[in-house]
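The first residue of the sequence shown is numbered 1, and numbering continues consecutively from there.
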Amino acid sequence: MSSPVNDFLNALKELDSNNGFNLYVPSLQKEIKFKQLTTEQLKSLLKTVVDSPIYNSQFITTFNKIIKDNCLDESVDIKKFSIYDKLFILFKTRIESISSEYTLSFSEEEVKEHNLPFSEKVIDLNEHLQQFLKKQYTFLTETIEQDSYSLVCDLPTIETENKLEAELHKNIKIEVESTEELREIVGETFINELTKYINKITIGDNNLDLLTLDFKSRIKVVEKLPSNTINKVLKFIENYRQKTKELTSISINGLQKDLPVDASLFNI
């Protein structure tokens with residue numbers, strides 16, 4: 001005999017399913033169903049607004065957990081979702097759980113320089129997302145050949161992000177107290193981000209799967225790579241960022257305005 005609590009939990013699960021929404025996941029090439037944000041989840045997201053301005057660590061881990069908790073398709077492996085998948089989930093969750101309307105604010109300088117007849121403008125995020133979907137961008141694994149070795153680049157997964165945050169960013173300080181400290185953090189951020197995109201290195205008959213290593217070991221290996229190879233990895237990353245910029249920004253009267261891809265996107 002089921003208990004009243006179990007009956008209630010089952011009813012909530014059915015409610016989640018009925019009130020959920022479908023969203024497209026590029027890596028799966030299909031739509032899957034997600035739950036709406038709960039008030040508690042929204043609260044946890046908004047608390048991360050006060051986050052490190054460089055790492056954005058708290059938001060990353062919080063939203064990744066929400067993705068895991070809110071996916072209603074038990075057949076998919078959330079850990080394998082890429083950062084590209086995550087962008088779609090981010091925007092669609094905001095649209096479905098809060099509103100499709102988003103208000104852009106413009107500074108006095110922007111209003112003057114671009115002859116804007118307004119200091120605020122409401123845009124339709126869903127329409128913006130649907131226009132981006134029509135472009136059907138894909139980002140394939142890329143092998144970079146260099147002399148007697150090669151390396152494999154791919155978009156980081158949620159699993160990779162979680163490992164990086166847990167191993168390297170868990171106890172970071174929000175406030176940066178000196179210019180020297182800022183320089184150190186910027187340097188670390190560069191190498192951390194770069195390392196996220198490199199999955200495998202092959203030298204002759206020796207293959208090293210970086211995904212099996214902890215992040216400190218991965219970084220030690222990447223730091224030893226020649227700069228001409230790193231430049232090719234950076235081009236791979238830049239190609240991804242340029243294309244997704246079409247989703248994460250919007251043009252208003254010739255002014256390219258960035259849309260937030262952090263907790264501030266969920267401000268009501």
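Annotation for E101: atom CD does not count as buried by contact number, only 12 or fewer foreign heavy atoms lying within 6.0 Å. For E40, the CD atom is loosely surrounded, since the number of other residues' heavy atoms within 6.0 Å does not exceed 12.
Within the model, atoms CG of N199 and OG1 of T141 stand 7.0 Å from one another, a figure rounded to the nearest 0.5 Å. Here K134 contributes atom NZ and L129 contributes atom CG; the two are 11.5 Å apart, rounded to the nearest 0.5 Å. Taken to the nearest 0.5 Å, the OG atom of S97 stands 10.5 Å off from the CZ atom of F34. Distance check: N207 CG to Y149 OH gives 15.0 Å after rounding to the nearest 0.5 Å. With rounding to the nearest 0.5 angstrom, the NZ atom of K245 is 9.0 Å from the CG atom of L259. Going from atom CG of L104 over to atom CG of L255 covers 9.0 Å, rounded to the nearest 0.5 Å.
Residues F132 and K243 come closest through the heavy atom pair CE1-O, 3.3 Å. When all heavy atoms of V233 and C153 are compared, the pair lying nearest together is CG2-SG, 3.8 Å. Between Q130 and K92, the closest heavy-atom pair is NE2-NZ, 4.5 Å. Taking all atoms of both residues into account, the shortest heavy-atom contact from S264 to V49 is N-CG2, 4.3 Å. Among all heavy-atom pairs drawn from V111 and S119, the shortest one is CG2-CA, 4.1 Å. Closest non-hydrogen pair, I32 versus F81, comes out as CD1-CZ, 3.8 Å.
A chain of hydrophobic side-chain contacts below 4.5 Å, direct or via other Ile, Leu, Val, Met, Phe, Trp or Tyr residues, connects F190 to F215. In the hydrophobic clustering of ILVMFWY residues, with side-chain heavy atoms under 4.5 Å counting as a link, L194 and V152 come out apart. Hydrophobic clustering, with ILVMFWY side chains joined whenever heavy atoms are under 4.5 angstrom apart, keeps F118 apart from V122. Both I123 and L133 belong to a common hydrophobic cluster when Ile, Leu, Val, Met, Phe, Trp and Tyr are linked at side-chain heavy-atom distances under 4.5 angstrom. Under the 4.5 Å side-chain contact rule for hydrophobic residues, I191 and I237 share a cluster.
Look at D69 and K65 and you find a salt bridge, because one of the NZ, NE, NH1 or NH2 atoms lies within 4.0 Å of a carboxylate O, short of that distance. Remark: K86 engages E161 in a salt bridge, criterion side-chain N to carboxylate O under 4.0 Å. K80 has a carboxylate O that lies under 4.0 Å from a charged side-chain N of E159, or vice versa, which qualifies the two as a salt bridge. Salt bridge K79/D77: present, at least one basic N to carboxylate O contact under 4.0 Å.
Using modelled atom types and a 3.5 Å distance limit, the side chains of N64 and N162 yield a donor-acceptor pair. S249 and Q256 are linked by a side-chain donor-acceptor pair at a separation below 3.5 angstrom, with hydrogens and angles left out of the test. Looking only at atom types and distance, the side chain of T103 has no donor-acceptor partner in the side chain of E120 under 3.5 Å away. Side chains of Q58 and K47: no donor on one and acceptor on the other come within 3.5 Å. Using modelled atom types and a 3.5 Å distance limit, the side chains of D209 and T212 yield no donor-acceptor pair.
In this structure a side-chain-to-backbone donor-acceptor pair under 3.5 Å is present from D85 to S82. Between the side chain of T248 and the backbone N or O of T244, at least one donor-acceptor pair lies under 3.5 Å. Here the side chain of Q242 pairs no donor or acceptor atom with the backbone of N239 at under 3.5 angstrom. With K163 contributing its side chain and I158 its backbone, the two residues share no donor-acceptor pair below 3.5 Å. Side chain of T62 to main chain of F59: no donor-acceptor pair is present (N/O by atom type, distance under 3.5 Å, no hydrogens or angles). Between the side chain of Q29 and the backbone N or O of P26, at least one donor-acceptor pair lies under 3.5 Å. Side chain of E110 to main chain of S107: a donor-acceptor pair is present (N/O by atom type, distance under 3.5 Å, no hydrogens or angles).
Both tests do not hold together for K135 against Y137: distance to the six-membered ring centre under 6.0 Å, angle to the ring axis within 45°. Both the sub-6.0 Å distance and the 45° axial angle are not jointly satisfied by R94 relative to the ring of F91.
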Item to complete: For E165 and T61, run side chain to side chain donor-acceptor pair (under 3.5 Å): C-alpha distance rounded to whole Å, both residues' side-chain angles, the deciding distance at 0.1 Å, then the answer.
Response: CA-CA 7 Å; E165 300 307 323; T61 55; over 6 Å; no
Worksheet item: Should Q36 and E96 be marked as a side-chain contact (heavy atoms from CB on, under 4.5 Å) after you check the CA-CA gap, both sets of side-chain angles, and the distance that decides it?
Response: CA-CA 7 Å; Q36 301 275 351; E96 296 291 339; 4.2 Å; yes
Discussion item. Please determine whether salt bridge (Lys or Arg N to Asp or Glu O under 4.0 Å) holds for the pair K112 and E108, giving the CA-CA distance in whole Å, both sets of side-chain angles, and the decisive distance to 0.1 Å.
Written reply: CA-CA 6 Å; K112 183 176 181 181; E108 290 183 10; over 6 Å; no
Worksheet entry | Intermediate values then yes/no, salt bridge (Lys or Arg N to Asp or Glu O under 4.0 Å), R241 and E193 | CA-CA 13 Å; R241 290 180 175 173; E193 284 297 305; 3.7 Å; yes
Practice prompt. List the steps and the verdict of side chain to side chain donor-acceptor pair (under 3.5 Å) for D214 and S217.
Written response: CA-CA 6 Å; D214 61 69; S217 298; 3.1 Å; yes
Item to complete: Report the C-alpha distance between K30 and D73 in whole Å, list the side-chain angles of each, state the deciding distance to 0.1 Å, and finish with yes or no for side-chain contact (heavy atoms from CB on, under 4.5 Å).
Response: CA-CA 12 Å; K30 69 175 185 179; D73 189 336; 4.1 Å; yes
Worksheet entry | Derivation of the side-chain contact (heavy atoms from CB on, under 4.5 Å) call for K200 and L151 | CA-CA 5 Å; K200 181 190 286 186; L151 55 83; over 6 Å; no
Practice prompt. Give the intermediate values and the outcome of side-chain contact (heavy atoms from CB on, under 4.5 Å) for residues L247 and H128.
Written response: CA-CA 7 Å; L247 175 60; H128 181 62; 4.1 Å; yes
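Aromatic ring orientation, F266 versus F63: tilted (interplanar angle from 30° to 60°). Between F139 and Y84, the angle of the ring planes goes over 60°, which puts this pair in the perpendicular group of the 30/60° scheme. Y24 and F88 have perpendicular rings, their planes meeting at more than 60° on a 0 to 90° scale where under 30° would count as parallel.
Contact annotation: the side chain of L72 never approaches that of F21 to less than 4.5 Å [non-hydrogen atoms, C-beta and beyond]. Side-chain atoms of V76 and C71, non-hydrogen and from C-beta on, do get closer than 4.5 Å to each other. Side chains of N192 and T195 form no contact here, defined as non-hydrogen atoms less than 4.5 Å apart. Side-chain atoms of K121 and F106, non-hydrogen and from C-beta on, do get closer than 4.5 Å to each other. The side-chain heavy atoms of K196 and L155, taken from C-beta on, include no pair separated by under 4.5 Å. Residues L45 and L265 are not in side-chain contact: their nearest non-hydrogen atoms beyond the backbone lie 4.5 Å or more apart. The shortest distance between side-chain heavy atoms of T143 and T202 does not fall below 4.5 Å.
You'll find the ring centres of F236 and Y240 outside the 6.0 Å limit.
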